[in-house]
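Start at 1 and go down the list; that is how both ligands and their atoms are numbered. The analysis underlying the following values was restricted to heavy atoms, covering all of them including side chains, and did not include hydrogens, waters or symmetry mates.
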Amino acid sequence: MSAWPLLLLLGACLGHTVVMVFTMNWLYGCPLPKKVMQPLRTIYAVLILTGCAYFAGSLYRFNFDWSRLLAGSYPTVSAYVGICWVAAFVMCPLTTAYNWLIRNPAVLVSNHTRTVDVAKELGFKPLGLGKKRYLARLPFNECFQVDFAERVLKLPQIPPAWDGLKILHLSDLHFCGTPDRSFYHCVIEHCLDWDADIVAVTGDFVDTDRHHRWIVPILGRLRWKIAALAILGNHDAWREAALVRRRLRRVGLRLLDAGWETLDVRGHQMVVIGHEGPWFTPPDLNGCPADGFRLCLSHTPDNLPWAKQHRIDLMLAGHVHGGQIRLPLVGSIFVPSKYSRRYDGGTFHEGPTVMHVSRGLAGEVPLRYNCRPEVSLLVLRR
Ligand SMILES: [Fe+2]
């Protein structure tokens, strides 16, 4: 027997997995209640395994002859097998290549990353008391190795006085017990070395009903020269959002909510906008100044089309955590976005908007492989 039937079986199973993961990612990009989201992964795991078992069983039944299998199956099954092959042999390699090509656009002048092994620096693993802390112990888990990425963005539209303006971008802190508070304290101490002008935090502060108490002691250590801005994410929406907002305000962070305000930045006006959609109301830009630089904080990168439509110059986003587990060459798999893994992390330029998507600092599940937590300093240059 030649290897072709088995290769086609592998393609059908891979394509089926790709189709399932793509639809699951799309659903995770929707504002569904947490109760609906939780069983989705299990349902999809069952669907993937059932599909692969069905293909393998059918091929065995037809004596490894694909032509007989396709002729003897329902037309919908045959058509679906075709879709799976296209997904495996055409779409998957093409989208992977495209995803690599769209990263690092010309506006990203430089990107220097320094990795700090927080566990090594503390002298212990800051496992904390989170429900899933046992996962943080797994070998090769990078959840305590933080990338401090200094990215220089060339934005010719900024006023000369803003040349060198530093924006510290933090995202997805997910206070839930693991990592422990010592982890966040260590990260914030390193951030202070950057001496940022503006601090921007793009949501997902808490993951339990208790850990909003960490906001003041941890984020209260942040310092900035001009302003600190924040929006909430979907995980905050599933908890006591009003309490989270109150605590953030107490440490001096300006909650943009679903609105906009103007900042005086080195004598020039900057319009700062918050987009917490689709989990909260999208911003209303009525009365928003038509001129001037627009900085938008959006929890999800899925709001990029909105940003382009509303002439946002720079959008900061998080939410997708880089996929948390990234396979060599292939990249991320599970990304909660309607665009699947297209905007899973890094810098993107789709005129007139430049978007930086952070991999975030933590997650509800403390698993990171080939996808370290990230804090970024964006330096604006003319
Ligand atoms: Fe998150």
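- The Fe ion (ligand 1) lies at the vertex of an angle of 180° between the OD2 atom of D204 and the NE2 atom of H321 (rounded to 10°).
- Under the 4.5 Å side-chain heavy-atom criterion for grouping Ile, Leu, Val, Met, Phe, Trp and Tyr, M20 is connected to V36 within one hydrophobic cluster.
- For the Fe ion (ligand 1), the nearest N, O or S atom contributed by H174 is named NE2.
- Restricting D172 to its N, O or S atoms, the one at the least distance from the Fe ion (ligand 1) is OD2.
- Relative orientation of the F175 and W214 rings is tilted, given thresholds of 30° and 60° on the angle between their planes.
- For the pair D257 (side chain) and I231 (backbone), a donor-acceptor distance under 3.5 Å is absent.
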Report the C-alpha separation of R254 and E261 in whole Å, then their side-chain angles, then the decisive distance to 0.1 Å, and conclude whether the side chain to side chain contact (heavy atoms under 4.5 Å, CB included) test is met.
CA-CA 10 Å; R254 291 189 195 197; E261 51 182 276; 2.7 Å; yes
